[in-house]
Amino acid sequence: MSRSGRLFLLMDAMRAKRVPVTAAQLAQQLGVSERTIYRDIQTLAELGAPLQGEAGVGYLLRRGAFLPPLMFDADELEALVLGARWVRRQGDAALAQAASKALAKIAAASPRDLRDSMADTSLWVPLGKTADDGAPADRFVQPVREAIRHECKLTLGYQDEHGNATARTVWPFALAYFEGKRLLAAWCELRGDYRHFRIDRIASVDSGERYAKRRHELLTVWRKMYDIEPET
């Protein structure tokens with residue numbers, strides 16, 4: 001691998017982290033020595049890369065700073081395209097449009113035109129329901145997702161597994177996309193505990209005021225309860 005290629009990989013490795021990453025971790029990930037990492041970090045700093053940190057503590061790319069043109073290998077490109085194609089099948093028109101726009105931005109931000117490579121990717125998601133199919137559950141995916149983003153309470157008209165109707169006021173903080181089903185994780189005011197709600201059992205949704213805690217706090221406790229590792 002050329003040194004310039006290694007510098008790009010080093011930038012990518014740090015860009016993927018939200019907390020400082022040590023030279024030892026970077027060396028293991030890139031398959032080089034720690035001495036090489038320190039030398040490459042010095043080179044990047046001299047070139048004006050937005051780095052912060054120090055030896056023994058770790059290094060991080062500053063938020064919002066300019067990054068060099070995006071470079072993708074074949075596996076990374078296939079992962080992006082497959083992910084976007086899967087999102088388009090999830091019954092959320094806004095998210096599907098965002099996935100298409102994101103791929104267009106990635107193609108434009110790359111030093112070579114990737115549109116043909118993206119179109120030729122032979123990894124596909126099986127056909128199923130789309131947002132145009134008009135499935136009753138689909139219309140609640142977007143308002144639930146937006147309530148999670150804005151940390152707002154939701155009042156749900158809901159049916160349990162026995163078909164009994166109930167009204168719940170919940171604090172939504174996570175939405176899981178399983179094949180053919182969406183599962184909302186929320187704090188339920190009625191039960192005073194964490195509960196899960198299937199989107200296809202929701203009959204109505206009303207958004208309310210912001211809930212008392214931050215979404216991150218709810219998510220952290222929930223992950224510990226179910227032994228779920230945080231996403232990187």
Side-chain angles (χ1 to χ4, degrees), residues 1-41 43-44 47 49-51 53 58-131 145 174-183 223 227-232:
M1 182 189 303
S2 67
R3 191 179 186 206
S4 60
R6 191 175 69 243
L7 291 177
F8 272 116
L9 289 179
L10 180 57
M11 292 282 282
D12 282 342
M14 288 186 289
R15 175 166 41 193
K17 302 295 183 181
R18 294 181 294 175
V19 296
V21 56
T22 65
Q25 292 171 315
L26 292 168
Q28 182 177 20
Q29 184 174 342
L30 272 62
V32 297
S33 68
E34 287 186 49
R35 183 177 179 181
T36 296
I37 294 295
Y38 285 126
R39 187 168 58 243
D40 287 349
I41 285 176
T43 299
L44 289 172
L47 292 172
L51 296 171
Y59 298 92
L60 191 67
L61 284 172
R62 290 197 305 271
R63 281 187 182 179
F66 172 78
L67 294 174
L70 300 175
M71 303 284 286
F72 298 101
D73 61 26
D75 286 341
E76 291 169 339
L77 194 60
E78 288 187 346
L80 288 169
V81 174
L82 182 61
R85 287 174 177 171
W86 186 85
V87 167
R88 290 171 184 161
R89 310 303 305 179
Q90 298 309 306
D92 187 329
L95 212 56
Q97 184 179 21
S100 298
K101 290 168 66 176
L103 284 183
K105 288 180 179 179
I106 289 170
S110 301
R112 60 187 179 88
D113 195 327
L114 297 177
R115 286 174 295 182
D116 289 341
S117 298
M118 288 177 172
D120 290 339
T121 298
S122 297
L123 301 178
W124 296 90
V125 177
L127 294 179
K129 293 187 302 181
T130 68
R145 184 167 53 81
L175 182 61
Y177 287 75
F178 296 99
E179 195 61 43
K181 289 187 173 56
R182 291 80 167 148
L183 190 68
R223 280 172 171 159
D227 196 24
I228 299 173
E229 290 293 328
E231 294 283 351
T232 57

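Side chains included, hydrogens not; waters and symmetry mates left out as well; all remaining heavy atoms used.
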dist Glu76:CD -> Leu80:CG (nearest 0.5 Å) comes out at 7.5 Å
Output every pair passing salt bridge (Lys or Arg N to Asp or Glu O under 4.0 Å) with a member in residues 24-39, not counting sequence neighbours, ordered by first then second residue.
none
Let me check something: any side-chain donor-acceptor pairs from residues 94-104 under 3.5 Å, sequence neighbours excluded? List them with distances.
residue	atom	partner	partner atom	Å
Ser100	OG	Arg88	NE	3.1
Ser100	OG	Arg88	NH2	3.2
Ser100	OG	Ala96	O	3.4

Output all residues satisfying side-chain contact (heavy atoms from CB on, under 4.5 Å) with Leu183, sequence neighbours left out; order by chain, then residue number.
Ala176, Phe178, His196, Arg198
Nearest heavy-atom pair of Gln90 and Arg182: which atoms, and what distance?
O-NH2, 2.5 Å
State which residues pass salt bridge (charged side-chain N to carboxylate O under 4.0 Å, His left out) with Arg145; sequence neighbours excluded, sorted by chain then number.
Asp92
To the nearest 0.5 Å, what is the distance between CD1 (Ile41) and CE (Met14)?
5.5 Å
To the nearest 0.5 Å, atom CG of Asp40 lies from atom CG of Leu47 at 10.5 Å
Going by atom type alone, with no hydrogens or angles, which donor-acceptor pairs under 3.5 Å involve a side-chain atom of residues 25-32 and a protein atom two or more places apart or on another chain?
residue	atom	partner	partner atom	Å
Gln25	OE1	Thr22	N	2.9
Gln25	OE1	Thr22	OG1	3.3

Between Leu61 and Met11, which heavy-atom pair has the shortest distance, and what is it?
CD1-O, 3.6 Å
